[in-house]
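Have a look at the structure below, then the notes.
Because the structure is predicted, anything quoted here is derived from the model rather than measured. Start at 1 and go down the list; that is how both ligands and their atoms are numbered. Residue numbers start at 1 and run along the sequence shown.
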Amino acid sequence: MEFLPLFHNLRGSRVLVVGGGEIALRKSRLLADAGAVLRVVAPAIEPQLCELVNSSGGEQVLRGYVEADLDGCVLIIAATDDEPLNAQVSADAHRRCVPVNVVDAPALCSVIFPAIVDRSPLIVAVSSGGDAPVLARLIRAKIETWIPSTYGQLAGLAARFRTQVKHLFPDVQQRRGFWEDVFQGPIADRQLAGQGAEAERLLQAKIAGEAAQTTGEVYLVGAGPGDPDLLTFRALRLMQQADVVLYDRLVAPAILELCRRDAERIYVGKRRADHAVPQDQINQQLVDLAKQGKRVVRLKGGDPFIFGRGGEEIEELAAHGIPFQVVPGITAASGCAAYAGIPLTHRDYAQSVRFVTGHLKDGTSNLPWNDLVAPAQTLVFYMGLIGLPIICEQLIAHGRSADTPAALIQQGTTSNQRVFTGTLKDLPTLVAEHEVHAPTLVIVGEVVLLRQKLAWFEGAQSQV
Ligand code: SAH
């Protein structure tokens, strides 16, 4: 970064402007807007500039520049068309360690003027470090159209309630959450629509409501199967507002990256039969964090309500009266099927699809094998890798053909996706041969054949 952007409070401070022409006038206008007291030094000064100097409570000095003109000034502007003189002013200011700007000579400047979008008290400053001021001005023009002029009023509204809200929420995170709600919700909508009085009434009501209740909220967010592009807009919005994020092993690092940068991140991942954090502890943690007033995102792979224990977590939240929202995600079956080119249903091959847990509790007894072998049905096994030999064996024993097509999709939708296809009888061998590991989804059914038929997909697949 060539220049550090800072916003300078000039109110009541003396600023020296060397030069009395058009350019000096332009800079002086900005300085006067910021409340500076102007000292303009030049052999001749434009009438408009004289007026500006007078209204700023400053002084006109009708002669050539001398170094003593710098005395008592907090900022120096050289705005003459005399290059040696500009260089002299710059050198004097540098020697005294006073910030100096020389118009159109970035090399002589210690500070530069950005292009400004003024929606006071909201200010946007754009700079190209003096290298491409036209580009900075074009960007400013874009921002001008993008930020409605009423944004300034919105900031004004916030300013009027700032102290009150600060007392209400001594904790900075809670305060930030409050203002994020205000700026992204109906209060901002009203203010931006020009209904300032209504916005103010709503804000007062919100403050009164918060004073009565400062419990946080839990968002159970489905993060999808891995590709960050598969997040929903709502998931992303809540992830960017979160104070704390509790995440699983299944949540890809690229997705975690999209959470608010300074949100606290807590890993509560579990592996099959190796529960890193027991479920009841996770439930308790969600409750505790929300009771501290935090906005908690519980980020889960796929969809929270499909083999995600989302149901258990919200039961606990409801029991403690903690507000929550559930954001659906793309489940592994949908994601993996799409990225592997296997339609889960097809009029010719499968009229239904069944999502089955492959986590066999006590050997083989807990799955309804007779239902699972029904014809024209696609089976999708989650967590099926360890139990796979038993699953294949039982399906065949209960009457599903040993030649039924089947697929293994490892780390589906991610750049590490691997897909292996075969039949029910050789699936376990495929796992051993290719060292397939979790997370892997198993799809069983005639629809798997369509992967080969959809030859175009191979090309698309390699780009995944
Ligand atoms: N709630 C999740 C599922 C959690 S169970 C969802 O809706 O997707 C965990 C199992 O999901 C894993 O054992 C694996 O079978 C499957 N899974 C999740 N993500 C996967 C991925 N990217 N690729 C393959 N399988 C995945």
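- Closest to atom 22 (N) of ligand 1 among all protein heavy atoms lies Pro225 O, 2.8 Å.
- Ligand 1 does not have Ala438 within reach: every non-hydrogen atom of the residue lies 4.0 Å or more from it.
- If you number the atoms of ligand 1 from 1 as listed, the ones under 4.0 Å from a heavy atom of Ile306 come out as 1 (N), 2 (C), 3 (C), 6 (C), 7 (O).
- Between Lys300 and Glu313 there is a salt bridge, since at least one side-chain N of the basic residue sits less than 4.0 Å from a carboxylate O of the acidic one.
- A donor-acceptor pair under 3.5 Å links the side-chain atoms of Asp227 to the main chain of Asp229, judged by distance alone.
- Of all protein heavy atoms, the one lying nearest to atom 2 (C) of ligand 1 is Gly301 O, 3.2 Å.
- Shown here is Asp403, whose CG atom has more than 12 heavy atoms of other residues, nucleotides or ligands within 6.0 Å.
- Looking only at protein heavy atoms, the nearest one to atom 21 (C) of ligand 1 is Gly412 N, 3.5 Å.
- No heavy atom of Gly226 sits closer than 4.0 Å to any atom of ligand 1.
- In terms of protein heavy-atom proximity, atom 17 (N) of ligand 1 is closest to Ala332 CB, 3.5 Å.
- Nearest protein neighbour of atom 11 (O) of ligand 1, counting heavy atoms only, is Tyr382 CD2, 3.3 Å.
- Heavy-atom proximity to Ile409, at under 4.0 Å, picks out these atoms of ligand 1: 24 (C).
- A donor-acceptor contact under 3.5 angstrom links the side chains of Arg234 and Gln325, judged on distance only.
- For Tyr267 and Tyr247, the ring centers sit closer than 6.0 Å to each other.
- Ser120 and Asp118 are linked by a side-chain donor-acceptor pair at a separation below 3.5 angstrom, with hydrogens and angles left out of the test.
- Scanning Thr440, Asn416, Thr331, Thr413 for the heavy atom closest to atom 6 (C) of ligand 1 points to Thr331.
- In this structure, a donor-acceptor pair under 3.5 Å is present between the side chains of Gln284 and Asp288.
- Of the polar atoms of Leu250, none of the N or O atoms is found under 3.5 Å from an N or O of ligand 1, judged by distance alone.
- Shortest contact from atom 10 (C) of ligand 1 to any protein heavy atom: Met383 CG, 3.8 Å.
- With hydrogens and angles left out, the side-chain atoms of Gln191 and Glu198 include no donor and acceptor closer than 3.5 Å.
- Within the 4.0 Å heavy-atom criterion, the part of Gln411 lying near ligand 1 is the backbone and not the side chain.
- Considering backbone and side-chain atoms alike, Asp303 places an N or O below 3.5 Å from some N or O of ligand 1.
- Annotation: ring-ring contact (aromatic ring centres under 6.0 Å, His included) contacts of Phe355 (sequence neighbours excluded): Tyr382.
- Scanning all protein heavy atoms for the shortest distance to atom 4 (C) of ligand 1 gives Phe307 O, 3.3 Å.
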- Task: For the pair Glu180 and Arg237, evaluate salt bridge (Lys or Arg N to Asp or Glu O under 4.0 Å) and give the outcome as yes or no after the intermediate values.
- Result: CA-CA 11 Å; Glu180 278 174 4; Arg237 197 170 65 239; over 6 Å; no
